Amino acid sequence: MKKETLAIRNQIDRTQYLEHSAPLFLTSSFVFEDAEDMRASFAEEKDRNIYSRFSNPNVSEFVEKIVLLENAEDGVAFATGMAAVYNTLVTFLEAGDHIVSASSVFGSTHTLFTKYLPKWNIETTYFNILEPETIESKIQPNTKILFVETPTNPGVEIIDLEFLGKLAKKHNLLLIVDNTFATPIIQTPIDFGAHLVIHSATKLIDGQGRALGGVTVGSKELIREIYLFSRNTGPSLAPFNAWIFSKSLETLAIRVEKHSENALKTAQFLESHPAVASVKYPFLPSHPQYEIAKKQMKLGGNIIAFELKEGKEAGRKFIDAIKLFSISANLGDTRTIVTHPATSTHSKLNTEELKEANLTEGLIRISVGLEHINDIIKELNQALL
Ligand SMILES: *Cc1c(COP(=O)(O)O)cnc(C)c1O
């Protein structure tokens, strides 16, 4: 079956009430038939729910859908995207291990790499995502994990997943891809050799800016280790949020298609505007990694980065002229969102550090929503004057 059908038709078993849409199982624990049932359940001789920190029907339904969409074997859900990143990394890392990661990663992931993991003598070496040929020289005998996001935030750069898959195999590394920006509708990193794929479900999976969540999928073997670690550390996804995500997944394909259609038209408009110096969008032929984008992505996604000719001051002016769009740090919402990273999410970086992250002071990030394209362009037109 195709992804649209898988996301809609995979549902937990109906209860005795024969409900059509999956109900919400707000229960912290589950009951046993008798002493033998309890013993067998705890001994894991039976695949059944015991306690919602371990598993819950709504959470299982959500995970199963992502597993199918990502061509994975199994998965674990988390309370947030960061809980997914942290618990996934820590499951496999030991004191003295080393990580090789792209320098353009989500802010909190960067903080984990640079501030917290070093507490356990786990060091991270960064590579510039625009220089994949330098990765191999950063691999050490104690390197365990290769970590990337593609497309990146906020620069919308792309790295060749097939190349990374081969590199990970050659050096026996665990390739972990944060696939939040692309969603499994656009790309499935496991097909290119990724071992684990992570999502912040908070973004396009929810799609309406309501709930926080995360998920990691991969092989049965790797997921089992993450599951055993996480059921003891307790970053479990709440059943209510899982229920929301599971419903949202039913429309993920159609939403991502419309988001991408609006974003491509928006990117083309920006590229033609005299106040704009440059535009980065994966499916614009002017994107430096356009060929790679076309190879591994089905659509361009909903994130655009563009540069104003007048730089940082023009960025502030543009944001202040916004009337319809939301000024927010979130993304992947039905509502179009604009951010000026140099004065917000990345304001602590100096000019040199901004350069290191391939980020300039005039860069604006747009998460293109599902409003009518004419209204999106009208808003940009007035804000760019
Ligand atoms: C938002 C985001 C995260 C973190 O997710 P939360 O749900 O906010 O914890 C991780 N990676 C990427 C690429 C993100 O955009």
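From a predicted model like this one, the values you see are computed outputs, not experimental measurements. In listed order, ligands and their atoms are each counted from 1.
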Heavy-atom pair with the smallest gap, counting every atom of Gly96 and Asn142: O-ND2, 2.9 Å
With the threshold set at 4.0 Å, does a side-chain nitrogen-carboxylate oxygen contact exist between Glu307 and Lys280? no
May I have all residue pairs that pass ring pair (Phe, Tyr, Trp, His ring centres under 6.0 Å) and include part of residues 296-320, sequence neighbours excluded? Phe306-Phe318
Lys/Arg-Asp/Glu bridge criterion (N-O < 4.0 Å) met for Arg224, Glu44: yes
Need the list: ligand 1 N/O atoms against protein N/O atoms, distance under 3.5 Å, rounded to one decimal.
residue  : atom   : partner : partner atom : Å
ligand 1 : 5 (O)  : Ser200  : OG           : 2.9
ligand 1 : 7 (O)  : Gly81   : N            : 2.9
ligand 1 : 7 (O)  : Ser200  : OG           : 2.9
ligand 1 : 7 (O)  : Thr202  : OG1          : 2.6
ligand 1 : 9 (O)  : Gly81   : N            : 3.1
ligand 1 : 9 (O)  : Met82   : N            : 2.9
ligand 1 : 11 (N) : Asp178  : OD2          : 2.6
ligand 1 : 15 (O) : Lys203  : NZ           : 2.7

Do we see a donor-acceptor contact under 3.5 Å between the side chains of Asn330 and Ser328? no
When you check the side-chain N and O atoms of Ser104 and Glu149, is any donor under 3.5 Å from an acceptor? no
